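Working notes, beginning with the structure itself.
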Amino acid sequence: MTSFTERVYAAVKKVSAGQTRTYKEIARAAGKPRAWRAVGNVLNKNRDARIPCHRVIRSDGTAGGYARGTRAKMKRLAAEGVYVKP
DNA sequence: CTAATGACCATTA
DNA sequence: ATAATGGCCATTA
């Protein structure tokens with residue numbers, strides 16, 4: 001399948017530990033620079049632990065949302081040495 | 001096909 | 001600082 005969802009997964013998988021990408025960047029990497037909204041939707045529905053969806057943050061530098069709670073997301077990022085705006 | 005949803009973005013007040 | 005507004009797009013029912 002070469003659906004948008006698949007490309008988003010692939011793009012997120014490429015992000016290494018300690019790095020972060022914005023939803024916009026992921027959308028651009030997926031070939032749809034204006035689909036940041038849909039990217040959030042995809043990651044929200046995604047439950048695959050192989051996909052580091054917690055490394056995807058908002059353009060403002062804030063953590064953004066997370067299925068298990070924004071708290072958990074920030075905690076995870078902090079554990080990788082990444083600081084996000086409160 | 002339509003309508004609704006949302007882990008967004010940027011601007012404005 | 002917060003709140004509201006308009007725009008934007010794939011997925012799902």
Side-chain angles (χ1 to χ4, degrees):
Chain A
M1 260 175 79
T2 41
S3 62
F4 178 72
T5 307
E6 288 282 340
R7 285 182 282 190
V8 169
Y9 287 149
V12 175
K13 271 189 214 168
K14 284 177 193 166
V15 183
S16 316
Q19 299 183 34
T20 57
R21 287 294 155 105
T22 66
Y23 289 96
K24 250 203 245 180
E25 278 289 317
I26 294 296
R28 185 167 69 77
K32 309 257 176 186
R34 290 171 203 164
W36 12 262
R37 196 74 101 133
V39 171
N41 262 332
V42 168
L43 295 180
N44 180 27
K45 283 208 159 196
N46 169 51
R47 272 183 204 23
D48 197 330
R50 297 170 293 185
I51 297 169
C53 31
H54 58 277
R55 314 230 181 109
V56 184
I57 64 177
R58 299 200 355 180
S59 296
D60 294 27
T62 57
Y66 197 58
R68 305 251 320 273
T70 308
R71 274 286 287 225
K73 183 171 183 176
M74 291 198 294
K75 206 165 173 174
R76 231 178 234 281
L77 289 171
E80 293 185 357
V82 180
Y83 171 80
V84 290
K85 281 188 189 179

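Heavy-atom basis, side chains included; hydrogens, waters and symmetry copies ignored. In the text below, chain A, chain B and the rest are named by the order of the sequence lines, each starting its count at 1. Remember, predicted model here, so these are calculated numbers, not experimental data.
Going from atom CZ of A/R47 over to atom C1' of B/dA7 covers 12 Å, rounded to whole Å. Here the C1' atom of nucleotide B/dC8 and the CZ atom of A/F4 are 12 Å apart, to the nearest Å. Rounded to an integer number of Å, the gap from A/I26 CD1 to C/dA10 C1' is 16 Å. In this structure, A/E25 places its CD atom 11 Å from P of B/dC9, rounding to the nearest Å. When the C1' atom of C/dA1 is taken as reference, atom NZ of A/K85 falls 13 Å away, rounded to whole Å. Atom-to-atom, CE of A/M74 to C1' of B/dA7 comes out at 13 Å; the value is rounded to the nearest Å. Rounded to whole Å, atom C1' of C/dA10 lies 15 Å from atom CG of A/N46. Atom NZ in A/K45 sits roughly 12 Å away from atom C1' in B/dA4 (whole-Å rounding).
In this structure, C/dT11 and B/dA4 make a Watson-Crick or G-U wobble pair, each of the two defining distances being under 3.5 angstrom.
Residues A/R7 and A/T2 fail the side-chain proximity criterion, which asks for heavy atoms closer than 4.5 Å. Considering only heavy atoms from C-beta on, A/L43 stays 4.5 Å or farther from A/I26 through its side chain.
Closest to the side chain of A/W36, from the set B/dA10, C/dG7, B/dA7, is C/dG7. Proximity note for A/Y23 (side chain, C-beta onward) versus B/dC8, C/dT11, C/dA10: the nearest is B/dC8. Side-chain atoms of A/D60 lie closest to B/dA10 of the nucleotides B/dG6, B/dA10, C/dA10. Considering only side-chain atoms of A/N41, the nucleotide from B/dA7, C/dT12, C/dA10 that sits closest is C/dA10. If you check B/dA7, C/dT11, C/dA10 against the side chain of A/T5, the one that comes closest is C/dT11.
Residue A/R58 places none of its side-chain N or O atoms closer than 4.0 Å to OP1 or OP2 of B/dA7. For A/K24, a side-chain nitrogen or oxygen approaches OP1 or OP2 of B/dA10 to under 4.0 Å. In terms of phosphate contacts, A/K32 brings a side-chain nitrogen or oxygen within less than 4.0 Å of OP1 or OP2 of C/dA10.
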Start with the C-alpha gap between A/S16 and A/Q19, add the side-chain angles, then the distance that decides, and say whether side-chain hydrogen bond (donor to acceptor under 3.5 Å, both in side chains) holds.
-> CA-CA 6 Å; A/S16 316; A/Q19 299 183 34; 3.3 Å; yes
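Counting non-hydrogen atoms of other residues, nucleotides and ligands closer than 6.0 Å to CZ of A/R21 gives a total of 12 or fewer.
Put simply, the residue from A/N46, A/V42, A/N41 that forms a side-chain contact (heavy atoms from CB on, under 4.5 Å) with A/V8 is A/V42.
A/T22 comes within contact range of no nucleotide atom at all, as no heavy-atom separation falls under 4.0 Å.
At a cut-off of 3.5 angstrom, counting only N and O atoms as typed in the model, there is no donor on one side facing an acceptor on the other between the side-chain of A/R34 and the base of C/dG7. Residue A/R37 places no side-chain atom within donor-acceptor reach of the base of C/dC9, judged by atom type and a 3.5 Å distance cut-off alone.
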